[in-house]
Amino acid sequence: MAAPPAIPRRGLFIGGGWREPTLGRRIPVINPATEDTIGDIPAATAEDVELAVAAARSAFLLDGGSRWARASGATRAKYLNAIATKIKEKISYLALLETVDSGKPKDEAVADMDDVAACFEFYAGLAEALDGKQHAPISLPMEEFKTYVLKEPIGVVGLITPWNYPLLMATWKVAPALAAGCTAVLKPSELASLTCLELGAICEEVGLPSGVLNIITGLGPDAGAPIASHPHVDKIAFTGSTATGKTIMTAAAQMVKPVSLELGGKSPLVIFDDVADIDKAVEWAMFGCFFNSGQVCSATSRLLLHEKIAERFLDRLVEWAKNIKISDPLEEGCRLGSVISKGQYEKIKKFISTARSEGATILHGGDRPKHLGKGFFIEPTIITDVSTSMQIWREEVFGPVICVKVFKTESEAVELANDTHYGLAGGVISDDLERCERIAKVIHSGIVWINCSQPTLVQAPWGGNKRSGFGRELGEW
Ligand SMILES: NC(=O)c1ccc[n+]([C@@H]2O[C@H](COP(=O)([O-])OP(=O)(O)OC[C@H]3O[C@@H](n4cnc5c(N)ncnc54)[C@H](O)[C@@H]3O)[C@@H](O)[C@H]2O)c1
Ligand SMILES: C[N+](C)(C)CC=O
């Protein structure tokens with residue numbers, strides 16, 4: 001088993017340096033796999049948000065913006081590439097920090113850190129490319145006028161992020177914002193902020209101009225809400241729950257402040273009877289809902305099985321679920337770690353007991369694994385005999401819980417897939433590629449996977465429809 005990392009004691013990263021929160025408060029950091037308190041993080045309040053926004057504003061305006069906002073894209077790219085290089089140098093340490101902070105398996109944390117570095121590199125490339133795209137002429141039907149497009153950074157952006165992929169979700173916002181010439185205040189989740197604070201240390205090491213990125217940790221209402229309502233924050237990019245998204249949108253609306261919202265989901269995965277390789281399909285279904293303990297916005301947590309393969313598929317799924325290695329996430333070969341917190345553990349258990357009391361069958365799992373007496377662990381859970389009015393079908397669990405329904409026809413499958421207020425993602429698995437394309441067009445979601453579930457590429461747009469939010473991240477978007 002890997003040794004747990006040393007937890008640094010950090011302050012808030014404001015104006016290029018570290019400072020204690022004005023009110024001196026701190027929040028304990030609990031390793032969810034052991035329930036031990038392993039450190040603490042600063043608890044910022046509105047006073048600290050003022051300082052962070054002021055630092056970001058002055059970095060944006062400094063020397064008429066020539067230091068950052070109006071510097072060449074190539075200048076900004078140099079810093080983004082330098083950050084990527086440092087992430088790669090520290091990958092093992094950062095992955096261990098992410099593991100003990102979030103409970104995710106160490107191998108998954110390493111993969112996340114690879115994605116973090118790749119994301120900074122990708123946006124370095126886009127920043128450089130931006131130089132060549134500026135002043136793009138617009139063709140006009142007359143000679144006497146000329147017109148062109150100049151892409152400009154919006155200003156100071158507030159970036160509020162969740163705990164499920166702590167540094168990766170922050171990077172999805174920080175890297176493009178900085179590439180575009182914005183300055184930023186990042187507020188990660190109070191449940192997992194350690195790696196985001198290390199990003200502050202990396203910015204210091206690469207000499208990122210002071211105030212370009214400020215990182216403040218703390219509780220949502222104390223440190224997040226003042227960012228959303230701040231008159232000198234020009235845009236909010238938020239990833240988190242639909243409930244918090246609504247609060248943020250309401251606050252931002254008072255100043256007609258633009259927001260982009262990446263919210264929850266209840267995504268379907270439709271599997272047809274023509275799949276020759278059932279095991280491969282089972283593997284995608286497992287990965288689609290159980291990786292990161294199901295704490296994935298796009299988890300394909302509603303599994304739709306064609307009636308002809310349902311029984312065989314479920315037998316295989318249960319067999320696979322029984323063989324998942326559930327352990328301390330620092331252990332070699334761990335495939336399912338703990339969930340993030342006691343609160344999340346209890347919430348998931350409540351979802352399972354409500355499903356049971358509403359008449360669903362817990363085909364597998366539903367409990368704490370017997371060999372783990374401590375830590376917030378939940379078995380991979382498969383629920384059948386589900387009706388469309390049940391809570392387990394309608395609401396996001398954000399845990400290792402998949403619910404299953406059987407369909408007879410393609411149109412029934414589509415109807416069930418779209419039977420949700422959410423619209424983040426969906427998937428279809430079939431050997432008939434024409435059918436896959438047809439279904440991908442009619443599933444009402446921002447992302448549809450064909451013959452897989454969850455691969456996410458930095459080059460492609462990401463984001464949802466309906467109550468999963470609006471706006472797109474990644475790629476040029
Ligand atoms: N669509 C996506 O790409 C995506 C990606 C990851 C997670 N998510 C969603 O995130 C949710 C899980 O994350 P979570 O539990 O951290 O969500 P959350 O809404 O509880 O918290 C998200 C962030 O908002 C902050 N916050 C809370 N209350 C606030 C307030 N009143 N004002 C301002 N900020 C506030 C939190 O401190 C945290 O930093 C799930 O619903 C999941 O689907 C979506
Ligand atoms: C796309 N992904 C899985 C990295 C983040 C969503 O929670």
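Start at 1 and go down the list; that is how both ligands and their atoms are numbered.
- Here Asn164 has side-chain heavy atoms under 4.0 Å from ligand 2, and that is the only part of it that gets that close.
- Residue Ser468 places no N or O, backbone or side chain, under 3.5 Å from any N or O of ligand 1.
- The shortest contact between atom 43 (O) of ligand 1 and any protein heavy atom is with Glu396 OE2, 2.6 Å.
- Of all protein heavy atoms, the one lying nearest to atom 3 (O) of ligand 1 is Trp462 NE1, 2.8 Å.
- Ligand 2 places these atoms under 4.0 Å from at least one heavy atom of Thr456: 1 (C).
- Note: Trp284 and Trp449 fail the aromatic proximity criterion, with ring centroids not under 6.0 Å apart.
- Looking only at atom types and distance, the side chain of Glu262 has no donor-acceptor partner in the side chain of Trp172 under 3.5 Å away.
- The protein heavy atom nearest to atom 14 (P) of ligand 1 is Trp163 NE1, 3.3 Å.
- Looking at Leu424 against ligand 1, only its side chain comes within 4.0 Å, counting heavy atoms.
- Among the atoms of Cys297, some N or O lies under 3.5 angstrom from an N or O of ligand 2.
- The contact set between ligand 1 and Ile248, taken as ligand atoms under 4.0 Å from a residue heavy atom, comprises 33 (C), 34 (N).
- At least one N or O atom of Lys187 sits closer than 3.5 Å to an N or O atom of ligand 1.
- Distances shorter than 4.0 angstrom occur between a heavy atom of Pro188 and an atom of ligand 1.
- In this structure a side-chain-to-backbone donor-acceptor pair under 3.5 Å is missing from Thr381 to Gly365.
- A donor-acceptor contact shorter than 3.5 Å links the side chain of Gln254 to the backbone of Thr250.
- Numbered from 1 in the order shown, with element, the atoms of ligand 2 that lie under 4.0 Å from a heavy atom of Met169 read 4 (C), 5 (C).
- Heavy-atom contacts of Tyr165 reach the following atoms of ligand 2: 3 (C), 5 (C), 7 (O) (cutoff under 4.0 Å).
- Of the protein's non-hydrogen atoms, the one nearest atom 17 (O) of ligand 1 is Ser241 N, 3.3 Å.
- When heavy-atom distances to ligand 2 are checked against a 4.0 Å cut-off, Phe398 has no atom that comes that close, whether in backbone or side chain.
- With respect to the salt-bridge test (charged N to carboxylate O, under 4.0 angstrom), the residues Arg57 and Asp234 qualify.
- Looking only at heavy atoms of the protein, atom 28 (N) of ligand 1 is closest to Thr244 CG2, 3.4 Å.
- A donor-acceptor pair shorter than 3.5 Å cannot be found between the side chains of Gln295 and Ser293.
- For the pair Arg472 (side chain) and Trp477 (backbone), a donor-acceptor distance under 3.5 Å is absent.
- Side chain of Lys104 to backbone of Tyr165: no donor-acceptor contact under 3.5 angstrom is found.
- Under 4.0 Å is where a charged nitrogen must lie from a carboxylate oxygen, and between Lys86 and Glu89 at least one such pair does.
- Of the heavy atoms in Met169, only side-chain atoms (C-beta onward) come closer than 4.0 Å to ligand 1.
- Of all the heavy atoms of Leu191, none lies under 4.0 Å from any atom of ligand 1, so neither backbone nor side chain is involved.
- Every atom of ligand 1 is numbered from 1 in the order shown, and the set under 4.0 Å from a heavy atom of Glu190 is 36 (C), 37 (O).
- A salt bridge between Glu121 and Lys88 is present, with a side-chain N of the basic residue lying under 4.0 Å from a carboxylate O of the acidic one.
- A distance-only check finds a donor-acceptor pair linking the side chain of Asn214 to the backbone of Ala184 [under 3.5 Å].
- Here the shortest heavy-atom distance to atom 34 (N) of ligand 1, taken over Gly265, Pro166, Gly224, Ser267, belongs to Gly224.
- A side-chain donor-acceptor contact under 3.5 Å links Asn418 to the backbone of His444.
- The N/O atoms of Cys297, backbone and side chain alike, include none that comes under 3.5 Å of an N/O atom in ligand 1.
- Backbone and side-chain nitrogen or oxygen atoms of Thr247 are examined, and none is located within less than 3.5 angstrom of a nitrogen or oxygen of ligand 1.
- Among protein heavy atoms, atom 1 (N) of ligand 1 sits closest to Leu263 O, 2.8 Å.
- A salt bridge links Glu20 with Arg9: the distance from a Lys NZ or Arg NE/NH1/NH2 to an Asp or Glu carboxylate oxygen falls below 4.0 Å.
- At distances below 3.5 Å, not a single donor-acceptor pair connects side-chain atoms of Asp112 with backbone N or O atoms of Leu168.
- Of the candidates Pro226, Gly220, Pro162, it is Gly220 that places a heavy atom closest to atom 26 (N) of ligand 1.
- In terms of polar-atom proximity, defined here as any N/O pair under 3.5 Å, Thr242 makes no such contact with ligand 1.
- The neighbour count for Met249 CE, taken as heavy atoms of other residues, nucleotides or ligands under 6.0 Å away, does not exceed 12.
- Geometrically, ligand 1 and Thr161 share a nitrogen or oxygen pair separated by less than 3.5 Å.
- At a 4.0 Å heavy-atom cut-off, ligand 1 touches Phe398 through the side chain alone.
- Inside a 4.0 Å radius of atom 41 (O) of ligand 1 there is at least one protein heavy atom.
- Considering backbone and side-chain atoms together, Thr239 places no N or O closer than 3.5 Å to any N or O of ligand 1.
- A donor and an acceptor atom, one from each side chain of Lys235 and Ser260, are located under 3.5 Å apart.
- In this structure, Phe238 counts as a contact residue of ligand 1, since one of its heavy atoms falls inside 4.0 Å of the ligand.
- The protein heavy atom nearest to atom 25 (C) of ligand 1 is Ile160 CG2, 3.7 Å.
- Checking side-chain atoms of Ser341 against main-chain N and O of Gln344 turns up a donor-acceptor pair under 3.5 Å.
- A side-chain donor-acceptor contact under 3.5 Å links Glu108 to the backbone of Asn292.
- For atom 7 (C) of ligand 1, the closest non-hydrogen atom of the protein is Asn164 ND2, 3.5 Å.
- A distance-only check finds a donor-acceptor pair linking the side chain of Lys466 to the backbone of Thr420 [under 3.5 Å].
- With atom 33 (C) of ligand 1 as the reference point, the heavy atom nearest to it among Gly264, Ala225, Gly240, Gly218 is part of Ala225.
- When non-hydrogen atoms are compared, ligand 2 lies under 4.0 Å from neither the backbone nor the side chain of Gln454.
- In Val296, the parts holding a heavy atom less than 4.0 Å from any atom of ligand 2 are both the side chain and the backbone.
- Side-chain contact, Lys173 with Thr161: no donor N or O sits under 3.5 Å from an acceptor N or O.
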